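Input: a single structure, listed below in structure tokens.
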Amino acid sequence: MSSPMHNTYNNNNGSQLANMELLTLDNPVFCCYLFWATVLVAKMLLMSLLTALQRFRYKVFPNEEDLFFKNIEVQFDDPHVERVRRAHRNDMENILPYFIMALIYVCTNPNPLVACNLFRVAAIARIVHTLVYAVYPVPQPSRILAFATMMLITFYMAAVVALRTLRFI
Amino acid sequence: MSSPMHNTYNNNNGSQLANMELLTLDNPVFCCYLFWATVLVAKMLLMSLLTALQRFRYKVFPNEEDLFFKNIEVQFDDPHVERVRRAHRNDMENILPYFIMALIYVCTNPNPLVACNLFRVAAIARIVHTLVYAVYPVPQPSRILAFATMMLITFYMAAVVALRTLRFI
Amino acid sequence: MSSPMHNTYNNNNGSQLANMELLTLDNPVFCCYLFWATVLVAKMLLMSLLTALQRFRYKVFPNEEDLFFKNIEVQFDDPHVERVRRAHRNDMENILPYFIMALIYVCTNPNPLVACNLFRVAAIARIVHTLVYAVYPVPQPSRILAFATMMLITFYMAAVVALRTLRFI
């Protein structure tokens with residue numbers, strides 16, 4: 001499929017892709033973003049299933065119509081369920097802004113080696129975050145380190161993009 | 001800058017869009033994504049207004065500065081308000097990752113018929129989810145089915161993209 | 001379908017960018033989106049740090065492994081912490097859908113002056129929202145006005161995009 005592109009692509013010098021080609025499968029940095037963003041989307045969806053699993057395991061449901069067992073009532077404060085929900089909320093607070101920030105960062109044509117490694121480290125850090133928070137709680141500072149890794153990466157990307165686009169304020 | 005691209009662009013046959021054209025209004029799949037993503041954004045914003053409506057109807061406010069009526073206090077556990085907030089949170093957990101996943105999926109140049117129908121089914125499923133959860137509670141498994149529809153579609157897109165970009169791991 | 005575009009593309013004058021160039025740094029509207037989206041991402045991440053600050057200040061932690069001080073227990077209902085968390089949740093409810101909506105809006109090649117000013121006003125409104133909600137609580141309707149500003153802008157963008165892509169329903 002990409003064969004008609006090769007000439008154009010090869011005529012560029014490697015480090016200076018035309019801007020218009022950045023959000024295509026011809027750009028290895030974008031492909032790397034696609035892969036790791038997909039991994040993180042799948043990880044986030046699994047949080048919903050993990051919450052559901054905990055709800056059935058401990059028979060804790062928040063709605064009248066969810067009471068699948070006899071003699072139980074709606075309940076909101078089960079620590080096992082709430083732990084998974086806090087981890088899930090933390091994912092939303094951090095991974096969702098990261099998706100936009102990393103996509104924006106790809107648009108500024110970053111160094112491929114730096115960018116791809118940032119995507120890899122950020123995704124793995126959040127998988128570790130889920131493991132030590134929701135799956136098997138581990139003493140601090142494991143969770144703080146995993147949390148800080150993606151946050152620092154997002155701030156780095158924000159700084160790069162802000163400096164690059166500052167004159168469009 | 002764009003001059004070297006012209007030949008490539010004109011050599012295209014219609015069914016085999018070059019990657020670079022995927023995120024434009026020339027791509028019907030992208031337009032279909034735009035329309036249904038817009039519908040879902042509007043639906044999500046309406047959840048905020050529905051929450052506000054319930055707060056005024058039942059006079060339940062979470063902040064001191066929001067006490068618009070005399071002789072009421074801050075309150076957090078009203079079931080009518082909390083039901084809408086749970087539905088809204090569920091939207092954030094599922095629709096926001098879907099936005100990114102579907103956009104990424106468009107970048108892999110999927111079959112137009114499959115892609116457009118996935119966008120339609122996913123959006124309608126989430127509208128049904130809101131109706132049976134927040135507007136007029138209905139016995140299960142209506143909500144579970146509506147929830148699972150978008151989740152399975154998102155997982156399908158994730159699988160397609162992951163297979164396509166696996167070598168950029 | 002794309003044949004009528006060829007002439008347009010080759011005849012380009014500066015004000016009428018071909019669609020394919022919209023998501024590049026050559027498009028000032030996209031650059032303006034990048035800058036202000038970056039500002040809002042950074043603002044959202046700071047909410048996490050503000051929450052952490054309040055947790056340490058009032059010694060309120062939600063997990064056993066977070067009890068960094070002696071003789072304290074897990075606690076969930078501190079008003080200072082919960083206020084910041086409500087502000088953060090409100091950010092997720094409004095800013096995250098806005099990111100997608102504004103990106104989609106850029107794809108429809110809007111009037112640059114209108115678009116850039118919408119991005120500026122929306123971002124500043126949300127910064128004000130955070131200040132009057134989480135940093136220094138101020139009587140209403142300051143927060144409602146800040147909240148409504150971004151919401152109305154998002155609805156306006158949704159209307160523009162929906163009208164433009166309605167035939168792809």
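Chain identifiers are assigned alphabetically (A, B, ...) following the order of the sequence lines, protein sequences preceding nucleic acid strands; residue numbering begins at 1 within each chain. Keep in mind the model is a prediction, meaning the values are calculated, not measured.
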Report yes if some heavy atom in the side chain of B:Thr165 is under 4.5 Å from a heavy atom in the side chain of A:Thr38; otherwise report no. no
Residue selection (most heavy-atom pairs with chain A, distance under 4.5 Å) from B:Ile104, B:Val161, B:Asp77, B:Asn90: B:Ile104
Evaluate the side chain to side chain contact (heavy atoms under 4.5 Å, CB included) criterion for residues A:Asn63 and B:Tyr133: first the C-alpha distance (whole Å), next the side-chain angles of each, then the deciding distance (0.1 Å), finally the verdict. CA-CA 9 Å; A:Asn63 300 295; B:Tyr133 199 171; 2.9 Å; yes
Are A:Thr24 and B:Leu22 side-chain neighbours, meaning at least one heavy-atom pair lies under 4.5 Å? no
At a heavy-atom separation under 4.5 Å, does A:Phe119 approach chain B through its side chain, its backbone, both, or neither? neither
Straight-line distance of A:Cys31 SG to B:Arg164 CZ, nearest 0.5 Å: 8.5 Å
How long is the gap from CE on B:Met92 to NE2 on A:His88, to the nearest 0.5 Å? 9.5 Å
Got A:Val29 and B:Phe168 here, is their nearest side-chain heavy-atom distance under 4.5 Å? no
Which atoms of A:Leu49 approach chain B - backbone, side chain, both or neither, heavy atom under 4.5 Å: side chain
Toward chain B: residues of residues 93-103 of chain A with heavy atoms under 4.5 Å: A:Leu96, A:Phe99, A:Ile100, A:Leu103
If you look only at pairs with a residue in residues 39-67 of chain B, which of them pass as a ring pair (Phe, Tyr, Trp, His ring centres under 6.0 Å), with sequence neighbours excluded? B:Phe56-B:Phe61, B:Phe56-B:Phe68, B:Tyr58-B:His80, B:Phe61-B:Phe68
Is there a side-chain contact between A:Phe35 and B:Leu166, using heavy atoms and a 4.5 Å cut-off? yes
Among the listed options A:Arg89, A:Arg85, A:Arg120, the residue most often paired with chain B at heavy-atom distances under 4.5 Å: A:Arg85
Side chain, backbone, both or neither: which part of B:Arg143 has an atom under 4.5 Å from a heavy atom of chain A? side chain
Of B:Met157, B:Met151, B:Arg167, the largest count of non-hydrogen pairs under 4.5 angstrom with chain A goes to B:Met151
Among A:Asp91, A:Val41, A:Leu40, which has the most heavy-atom pairs under 4.5 Å with chain B? A:Val41
All heavy atoms of A:Ser48 vs all of B:Phe147, minimum pair found to be CB-CZ, 3.9 Å
Give, as side chain, backbone, both or neither, the part of B:Ile144 having an atom under 4.5 angstrom from any heavy atom of chain A. side chain
